[in-house]
Amino acid sequence: MSASAAFRLSVRSFALRPSFRARMLHACGVPRADPWPLPHSPEHIKNTTSPPDLPPPTPLERPNESVETLRARLVYQSRKRGTLESDLLLSTFAQQHLKEMDETELKEYDKLLDEPDWDIYYWATDNRAPPERWQNSCILQRLRTHAKNEGREVRSMPAL
């Protein structure tokens with residue numbers, strides 16, 4: 001092996017060390033904001049707030065959808081939200097409560113699922129006040145009770 005090849009190999013192995021990479025990331029000396037703030041942190045709450053004048057989402061029309069199909073769709077939509085926090089909260093709620101909901105309550109829950117994930121999450125955990133259209137919702141109240149987890153049960157994602 002030539003001297004230049006040995007030098008390149010030693011530089012490459014040194015550059016792969018975690019301490020070197022950490023120094024290189026902070027070499028510019030400019031502190032940077034965390035690109036992924038934790039939920040419930042002030043930065044996260046500020047960055048995920050929907051504008052107050054945002055109109056309610058327009059749901060897709062699903063003519064002739066049976067109650068069984070509606071319930072199955074809501075189970076799936078509760079599980080596949082896009083954020084782990086919302087997935088866990090809504091999928092366990094759906095597992096426990098969708099069986100006993102009538103068609104009117106299912107349609108209200110369907111409208112709730114049309115809202116942005118972080119809004120639902122923060123409304124349910126009482127970190128943000130819901131808009132007027134959800135102030136007196138029995139579904140949101142049940143979701144808040146579920147989110148409090150007063151029984152301290154360990155929850156995990158239910159199977160689909």
Side-chain angles (χ1 to χ4, degrees), residues 16-62 65 69-160:
L16 294 176
R17 293 182 184 162
S19 61
F20 179 78
R21 286 195 310 252
R23 281 194 303 254
M24 291 304 292
L25 289 174
H26 301 291
C28 63
V30 177
R32 298 180 187 191
D34 187 357
W36 295 284
L38 293 172
H40 296 281
S41 66
E43 303 88 45
H44 191 268
I45 292 173
K46 182 182 72 158
N47 293 337
T48 58
T49 302
S50 296
D53 58 344
L54 188 68
T58 306
L60 294 173
E61 292 296 321
R62 293 182 172 89
E65 184 177 43
T69 305
L70 173 62
R71 189 172 279 121
R73 180 173 55 80
L74 293 177
V75 166
Y76 184 81
Q77 287 179 337
S78 297
R79 177 77 191 320
K80 302 291 186 178
R81 298 298 300 172
T83 61
L84 185 58
E85 294 84 359
S86 295
D87 289 349
L88 182 59
L89 177 66
L90 294 172
S91 65
T92 55
F93 176 79
Q95 181 185 36
Q96 292 179 3
H97 297 281
L98 285 185
K99 299 181 279 272
E100 64 220 26
M101 287 186 191
D102 61 15
E103 187 174 5
T104 312
E105 291 174 322
L106 290 171
K107 288 185 178 183
E108 184 179 350
Y109 183 64
D110 189 16
K111 287 180 186 175
L112 180 66
L113 292 182
D114 287 334
E115 299 284 349
D117 285 352
W118 285 115
D119 285 345
I120 298 170
Y121 179 77
Y122 283 128
W123 297 338
T125 56
D126 284 329
N127 283 293
R128 197 180 290 160
E132 192 173 321
R133 65 182 175 267
W134 292 109
Q135 287 289 334
N136 300 318
S137 168
C138 67
I139 297 296
L140 185 57
Q141 188 56 44
R142 287 166 73 179
L143 183 59
R144 282 180 168 161
T145 303
H146 178 78
K148 286 179 185 173
N149 194 12
E150 292 172 345
R152 300 286 184 208
E153 61 185 282
V154 177
R155 295 181 175 157
S156 61
M157 295 285 194
L160 282 177

[Y] backbone acceptor or donor facing [X] side chain under 3.5 Å:
X	Y	answer
Q141	N136	no
R128	I45	yes
N47	E43	yes
R81	L90	no
R71	L98	yes
S86	G82	no

Would you say the side chain of T49 lies within less than 4.5 Å of the side chain of Y122, judging by non-hydrogen atoms?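 Not in contact.
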
Do the non-hydrogen side-chain atoms of F93 and L89 ever get within less than 4.5 Å of each other? no

[atom1]-[atom2] distance between [X] and [Y], expressed to the nearest 0.5 angstrom:
X	Y	atom1	atom2	value
L74	D110	CG	CG	5.0 Å
M157	T92	CE	OG1	8.5 Å
D87	D117	CG	CG	7.5 Å
E108	S137	CD	OG	3.5 Å
R155	L88	CZ	CG	8.0 Å
Q95	K99	CD	NZ	6.0 Å

Do E115 and R133 sit within salt-bridge range, that is, some charged N less than 4.0 Å from a carboxylate O? yes

Consider side chain to side chain contact (heavy atoms under 4.5 Å, CB included). Of T104, L143, I139, which one does Y109 pass it with?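 Of T104, L143, I139, side chain to side chain contact (heavy atoms under 4.5 Å, CB included) with Y109 is met by I139 alone.
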
If you draw a 6.0 Å radius around CD in E153, do more than 12 non-hydrogen atoms from other residues or ligands fall strictly inside?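 Atom CD in E153 is crowded, with more than 12 foreign heavy atoms closer than 6.0 Å.
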
More than 12 non-hydrogen atoms from neighbouring residues, nucleotides or ligands closer than 6.0 Å to CG on D102, yes or no?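 Enclosed.
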
Smallest separation among heavy atoms of [X] and [Y], with atom names:
X	Y	value
P39	W118	CG-CH2, 3.7 Å
I120	L113	CD1-CA, 4.1 Å
A147	A124	CB-O, 3.6 Å

Is the ring pair H97/H146 parallel, tilted or perpendicular, if the boundaries are 30 and 60 degrees?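 Judged by the thresholds at 30° and 60°, the geometry between H97 and H146 is perpendicular.
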
Give a yes-or-no answer on whether the side chains of Q77 and R73 include a donor-acceptor pair shorter than 3.5 Å.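 Note: Q77 and R73 side chains meet the donor-acceptor criterion.
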
Derivation and outcome, salt bridge (charged side-chain N to carboxylate O under 4.0 Å, His left out), residues K107 and E65: CA-CA 11 Å; K107 288 185 178 183; E65 184 177 43; over 6 Å; no

Check: Y121 ring centre within less than 6.0 Å of H40 ring centre: yes

Aromatic ring centroids of H44 and W36 under 6.0 Å?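 Ring centroids of H44 and W36 are no less than 6.0 Å from each other.
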
Under the side chain to side chain contact (heavy atoms under 4.5 Å, CB included) criterion, do T69 and R62 qualify, and how do the steps go? CA-CA 10 Å; T69 305; R62 293 182 172 89; over 6 Å; no

